[in-house]
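Let me begin by presenting the structure, written as structure tokens, before commenting on it.
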Number of protein chains: 2
Amino acid sequence: MALGRDYHGQDCGMGRALEVVGERWTLLIVQNAMFGVRRFNDFLTRLDIPKAVLAERLKHLVDYGVMEKRNYQGSPPRYEYELTERGRELWLPVYILTGWGQRITDKEAPRTFHHAECGAQLDEAGACPNCGSVPIEKVEMRPGPGPKRTDPVSRAMNRPRRLLEPIVREQ
Amino acid sequence: MALGRDYHGQDCGMGRALEVVGERWTLLIVQNAMFGVRRFNDFLTRLDIPKAVLAERLKHLVDYGVMEKRNYQGSPPRYEYELTERGRELWLPVYILTGWGQRITDKEAPRTFHHAECGAQLDEAGACPNCGSVPIEKVEMRPGPGPKRTDPVSRAMNRPRRLLEPIVREQ
DNA sequence: TAACAAGGTTCATTCACCGAACCAACCTGT
DNA sequence: ACAGGTTGGTTCGGTGAATGAACCTTGTTA
């Protein structure tokens with residue numbers, strides 16, 4: 001493929017990783033899945049992304065085993081996209097890159113991340129200062145001081161919640 | 001900017017991080033800089049990337065304070081690109097993503113990473129199993145069992161070496 | 001019967017990536 | 001003195017991906 005998504009000549013794992021999650025929007029989709037977003041229209045709402053691009057990215061992630069598409073309701077058919085174990089393994093790079101990006105901004109963070117069992121805020125490497133490494137299911141997200149989006153999906157995120165816990169929009 | 005490199009509506013640091021290092025090839029450039037590549041033509045050799053794209057990416061990284069362009073020789077003028085502290089802070093995500101990409105391949109790893117002071121191989125999160133977290137300068141790269149590129153720059157990498165130590169091509 | 005919601009597909013336009021060619025300054029060999 | 005090589009780029013035409021708007025389908029609710 002001349003132009004596009006692969007990194008044919010690369011000898012290390014990074015080339016492969018970028019083929020799977022290196023395209024525009026993809027890592028933001030994975031991050032929002034970690035924050036509890038599961039439905040097509042909720043990703044749309046949070047990301048301001050063209051529908052065609054979102055559909056293509058989700059399909060790509062499903063093809064590579066990072067997400068799973070589940071039909072959770074037969075009539076009318078409705079789907080949700082959920083991270084697989086392979087996808088959940090991306091938690092640390094997602095967390096660290098988010099922190100890195102936050103530090104090169106003048107704004108304050110919209111969310112902070114804590115070890116759910118002891119409440120301590122995670123350090124720059126994603127570990128708990130008291131207890132060491134923390135699996136993604138044990139991470140609690142809390143609203144931070146920084147500016148937040150105001151769409152319904154983002155508002156549903158603005159209370160303390162475990163990562164991966166599905167978002168339920170208020171009616 | 002309608003199309004392109006920014007993620008205007010995102011409220012968290014990830015959007016910012018992707019503006020800086022999320023474009024095609026960028027994270028591979030940063031990774032190779034960590035491996036000791038410093039010169040324009042050496043990046044070209046390792047990456048099989050169009051010159052125009054490499055020039056643009058390097059300029060972008062310099063503009064955002066991830067790399068520094070240094071004139072190290074006056075006549076003929078020669079330049080090298082070196083990671084700043086901000087750039088070196090990307091070590092953990094680069095390492096973890098590389099490992100993740102490696103695990104979803106059937107090939108073996110071309111390189112392994114060790115704590116230079118005790119020799120232990122780093123774990124999946126980039127820490128030393130004996131000593132805990134390891135700064136990038138204390139990481140030693142060793143040739144692994146997997147397939148490697150055969151260009152001169154890649155060959156110069158195929159011996160145990162500290163990260164960030166500049167590559168010298170054999171004549 | 002109309003309107004609405006979810007989860008998409010289609011399409012024209014715009015823009016970024018690609019690879020090949022070109023360039024300029026300097027050095028080295030003959 | 002001149003050819004050819006090295007470094008570090010820039011220019012350019014062609015191609016393919018991203019964008020946003022419009023449209024579609026199935027089913028539900030008013």
Side-chain angles (χ1 to χ4, degrees), chain A residues 1-9 18-19 22-29 37-62 67-82 151-153 166-169 171, chain B residues 1-9 15 18-19 22-29 37-62 67-82 151-153 166-171:
Chain A
M1 196 182 305
L3 178 74
R5 33 179 49 91
D6 70 340
Y7 296 85
H8 177 73
L18 292 177
E19 279 173 37
E23 290 174 288
R24 185 159 159 74
W25 297 112
T26 301
L27 225 41
L28 282 166
I29 293 171
V37 178
R38 296 198 169 183
R39 291 163 70 162
F40 191 90
N41 280 296
D42 288 352
F43 283 109
L44 268 190
T45 303
R46 279 275 301 165
L47 292 176
D48 302 323
I49 179 181
K51 287 177 144 194
V53 175
L54 177 60
E56 196 195 280
R57 293 296 188 273
L58 287 172
K59 185 169 177 331
H60 187 75
L61 288 170
V62 169
M67 300 191 83
E68 234 168 7
K69 180 177 186 170
R70 277 212 346 249
N71 182 304
Y72 71 90
Q73 174 184 310
S75 175
R78 291 289 178 264
Y79 307 96
E80 57 185 15
Y81 295 87
E82 209 175 337
D151 60 81
V153 182
I167 283 196
V168 183
R169 290 208 214 189
Q171 294 306 56
Chain B
M1 195 181 303
L3 178 73
R5 33 178 51 90
D6 70 340
Y7 296 85
H8 177 73
L18 292 177
E19 278 174 38
E23 289 173 289
R24 187 157 157 75
W25 298 112
T26 301
L27 225 42
L28 281 165
I29 292 170
V37 177
R38 296 197 171 185
R39 292 165 67 164
F40 191 89
N41 281 294
D42 288 353
F43 283 110
L44 267 190
T45 303
R46 280 275 301 166
L47 292 176
D48 303 325
I49 180 181
K51 288 178 140 192
V53 175
L54 177 59
E56 196 195 278
R57 293 298 187 270
L58 287 171
K59 184 169 178 332
H60 188 74
L61 288 169
V62 169
M67 300 190 83
E68 236 168 6
K69 180 177 186 170
R70 279 216 340 252
N71 182 305
Y72 70 89
Q73 174 185 308
S75 175
R78 293 286 178 267
Y79 307 96
E80 56 184 17
Y81 294 87
E82 210 174 338
D151 60 82
V153 182
I167 282 198
V168 184
R169 288 209 215 189
E170 69 260 28
Q171 294 304 57

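Throughout, protein chains are lettered first and strands after them, A, B, ... in sequence-line order, and every chain is numbered starting at 1.
Listed pair B:R57 / C:dC17 meets the phosphate criterion, a side-chain N or O lying under 4.0 Å from OP1 or OP2. Between B:R24 and C:dC18 there is a side-chain N or O to OP1 or OP2 distance below 4.0 Å. Close to D:dT28, at under 4.0 Å from its OP1 or OP2, lies a side-chain N or O of A:S75. Remark: B:W25 is not in phosphate contact with C:dA16, judged by side-chain N or O atoms under 4.0 Å from OP1 or OP2. Within the structure, every side-chain polar atom (N or O) of B:K51 is placed at least 4.0 Å from both OP1 and OP2 of C:dC23.
Two residues, B:E56 and B:R78, neighbour DNA chain C, and the one matched to the more 5' nucleotide by heavy-atom proximity is B:E56. Where A:D48 and A:G74 meet DNA chain D, the nucleotide closest to each residue was compared, and A:D48 sits on the side nearer the 5' end.
For A:Y79 and D:dT25, the OH to C1' distance is 11 Å, given to the nearest whole Å. For the pair A:H60 NE2 and D:dA17 P, the interatomic distance rounds to 12 Å; values are reported in whole Å. When the P atom of C:dC18 is taken as reference, atom CG of B:L44 falls 12 Å away, rounded to whole Å. Straight-line distance from the CD atom of A:E19 to the P atom of D:dA17: 14 Å, rounded to whole Å. Here the P atom of nucleotide D:dT10 and the CZ atom of B:F40 are 7 Å apart, to the nearest Å. Taking atom CZ on A:R39 and atom C1' on C:dG7, their separation rounds to 10 Å, with Å as the unit. Straight-line distance from the CD atom of B:E80 to the C1' atom of D:dG9: 17 Å, rounded to whole Å. Atom C1' of nucleotide D:dG9 and atom CG of B:L58 are separated by 11 Å, given to the nearest angstrom.
Among B:E80, B:R78, B:R39, the single residue meeting the side chain to side chain donor-acceptor pair (under 3.5 Å) criterion with B:Y72 is B:R39.
Within 4.0 Å of B:Y81, counting heavy atoms only, lie sugar-phosphate atoms of the nucleic acid but no base atom. Heavy atoms of B:K59 sit nowhere under 4.0 angstrom from any nucleic acid atom. Looking at heavy-atom distances under 4.0 Å, B:V53 makes contact with sugar-phosphate atoms alone, never a base.
Listed nucleotides C:dC18, D:dT28, D:dT19 differ in distance to A:P50; the shortest reach to its side chain belongs to D:dT19. Candidate nucleotides D:dT11, C:dG7, D:dG27 were compared by shortest atom distance to the side chain of A:P77, and D:dG27 ranks first.
Between the side chain of B:R46 and the backbone N or O of B:D151 there is no donor-acceptor pair closer than 3.5 Å.
Under the 4.5 Å side-chain criterion, counting only non-hydrogen atoms from C-beta, B:I49 is not in contact with B:F43. Counting heavy atoms from C-beta outward, B:K69 and B:L58 have side chains that stay 4.5 Å or more apart.
Considering all non-hydrogen atoms of both residues, A:H60 and A:E19 come closest at NE2-O, 2.9 Å.
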